[in-house]
A.B. asks: 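One structure coming up, written as structure tokens, with questions to follow.
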There are 2 protein chains.
Amino acid sequence: MPVAAKSARMRYGWRMSSVSPRSPETPTSSVPAARRARKKSKTRADLLAAGTALFASRGFDETTTNDIAEAADVSQRTLFRHFATKEALLYGDMDEALDELRAGLAGRPSGEPVFTSLRRSLVGLAGNFEAHREGRLLQARLAAEYPSVSAYSRATVQLSWERAIIEGLAERLGEDPMLDPRPEIIAGATMSAVRIATRQWVASGGRADFVALVDAAMAVIPHLGELDLEMVRDSP
Amino acid sequence: MPVAAKSARMRYGWRMSSVSPRSPETPTSSVPAARRARKKSKTRADLLAAGTALFASRGFDETTTNDIAEAADVSQRTLFRHFATKEALLYGDMDEALDELRAGLAGRPSGEPVFTSLRRSLVGLAGNFEAHREGRLLQARLAAEYPSVSAYSRATVQLSWERAIIEGLAERLGEDPMLDPRPEIIAGATMSAVRIATRQWVASGGRADFVALVDAAMAVIPHLGELDLEMVRDSP
DNA sequence: TTGACTAATGTCAGCGACTGACATACCATG
DNA sequence: CATGGTATGTCAGTCGCTGACATTAGTCAA
């Protein structure tokens with residue numbers, strides 16, 4: 001029961017391309033010259049599995065990178081060749097989610113209203129969360145307990161989503177995101193919506209409907225302007 | 001010229017209350033029993049000054065915490081008693097900005113429209129930036145160059161502002177921020193506006209009018225709803 | 001003034017994330 | 001099979017950061 005961990009680390013975490021395990025072509029035959037890639041993928045997958053298991057049972061700070069490497073039967077050095085940081089290892093399966101988000105945004109029909117496109121794209125993210133419920137819940141719980149995990153989530157994982165949204169929206173709007181502030185502003189509001197939805201989803205133990213939660217939070221964005229007229233809070 | 005630093009560290013950074021240097025009561029007399037506090041403040045100030053100077057001349061990763069401690073003529077252990085992390089030392093003068101933001105929000109008249117309150121409160125932040133131009137520019141430049149600094153800025157500094165805004169808005173709206181998503185959504189959009197404004201301000205070398213920049217970015221928030229109707233981007 | 005009390009600092013040993021350098025094993029390819 | 005490149009192992013080292021304990025020095029009451 002590490003009391004909100006008094007310490008922890010974090011580095012950024014980008015780079016490291018190495019394609020995710022994915023389906024190795026076809027179980028057999030086809031392209032026989034891929035053993036090397038398959039072994040590499042396996043090493044990565046082993047590390048991911050070992051890390052997840054240890055983090056879940058012991059906690060984040062309580063697990064050393066050496067523990068993980070040994071559990072995966074590789075050297076610590078190999079671990080750090082696959083993952084830039086300990087945190088990156090915890091979020092090692094997040095690339096797919098990013099891809100789905102990007103693809104979702106890019107795939108929306110041209111004439112569709114912006115917020116509709118955004119909401120529909122987030123369905124992809126939501127689906128990914130439900131498809132990896134246990135892993136996502138673990139990540140969320142560790143982020144709630146360990147500051148370094150929380151920081152990594154915000155500064156790396158969520159930032160990558162935000163950037164994907166900014167680029168996707170700018171593309172749809174046909175504007176340069178460095179000149180038109182709207183994509184970035186919308187992305188900021190959207191990330192808040194995603195955090196709200198995630199928090200509620202985690203609180204429900206992953207049983208709530210993620211899509212509905214995101215939609216509910218997203219729904220308030222277009223109505224923010226109405227608040228500008230309200231003269232709230234007359235002291236009772 | 002560290003090429004976007006290949007490595008760096010970060011921990012969270014909260015805790016550590018120790019009041020900022022502020023005015024030590026009165027130059028003389030008054031409360032003579034405060035030498036201890038003054039010395040502590042001086043140590044902190046020395047560390048801050050040493051850190052700033054070294055970071056500016058050598059870079060962030062290129063400066064060790066030991067370098068800073070020695071430059072300030074204290075032990076490394078003392079440095080870490082004053083600042084939880086190396087990054088927290090770089091942002092050691094940011095508390096004032098947070099206080100101004102909080103106070104600004106709390107001090108706005110009750111009947112004032114929400115966005116007006118927010119914009120006026122951000123004037124405090126802007127003023128703080130202009131009052132500490134060199135320091136803020138250094139922080140921004142280091143954040144652009146070193147991932148660990150950027151991560152800390154996002155995950156700690158900006159998060160504290162965001163929380164202040166959420167709490168301030170919830171208070172004004174008389175709502176529980178855990179039930180009403182609007183404060184958090186607005187805060188997310190606002191933080192994007194602040195980042196946009198900061199980026200432009202830094203690009204201008206700190207010469208642009210920060211208040212005007214924030215206002216310009218904030219101005220689009222109430223009009224986000226209009227985007228929902230647009231059917232943009234008909235391929236040319 | 002003196003003598004406890006305690007807050008601030010120093011010292012030291014150590015943990016653990018991460019890295020560079022070099023060696024080795026192994027798959028790929030002509 | 002020879003050649004080459006890539007994934008991995010080994011090892012030593014850096015650096016941020018921490019716990020434990022000793023020391024210094026304001027503080028405050030008698």
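Only this structure's heavy atoms are used, side chains among them; waters, hydrogens and symmetry mates stay out.
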A.B. asks: Working to the nearest 0.5 angstrom, can you tell me the gap between B:Ile68 CD1 and B:Phe83 CZ?
C.D. replies: 9.5 Å

A.B. asks: Considering only D:dC17, C:dC18, C:dC27, which nucleotide approaches the side chain of A:Phe80 most closely?
C.D. replies: C:dC18

A.B. asks: Hey, are the side chains of A:Leu159 and A:Arg154 touching, using non-hydrogen atoms and a 4.5 Å cut-off?
C.D. replies: no

A.B. asks: Looking at C:dT9, D:dG16, C:dA17, which one has an atom nearest to any side-chain atom of B:Lys86?
C.D. replies: D:dG16

A.B. asks: So A:Ser75, base contact, sugar-phosphate only, or nothing? Heavy-atom distance under 4.0 Å.
C.D. replies: base

A.B. asks: Check this one for me: any side-chain N or O of A:Lys39 less than 4.0 Å away from OP1 or OP2 of C:dC27?
C.D. replies: yes

A.B. asks: From the set D:dA7, D:dG9, C:dG10, return the single nucleotide nearest to any side-chain atom of A:Lys40.
C.D. replies: D:dA7

A.B. asks: Once you round it to whole Å, what is the distance between P of D:dT14 and CD of A:Gln76?
C.D. replies: 17 Å

A.B. asks: When you match A:Leu79 and B:Arg77 each to their closest nucleotide on DNA chain D, which lands nearer the 5' end?
C.D. replies: A:Leu79

A.B. asks: Does atom CG (A:Asp73) have a neighbourhood of more than 12 heavy atoms from anything else shown, all under 6.0 Å?
C.D. replies: no

A.B. asks: Heavy atoms from C-beta onward define the side chain here; which of D:dG9, C:dA17, C:dC27 lies closest to that of A:Thr65?
C.D. replies: C:dA17

A.B. asks: With a 4.0 Å limit, can you tell me whether A:His82 has a side-chain N or O closer than that to the phosphate oxygens OP1/OP2 of D:dA7?
C.D. replies: no

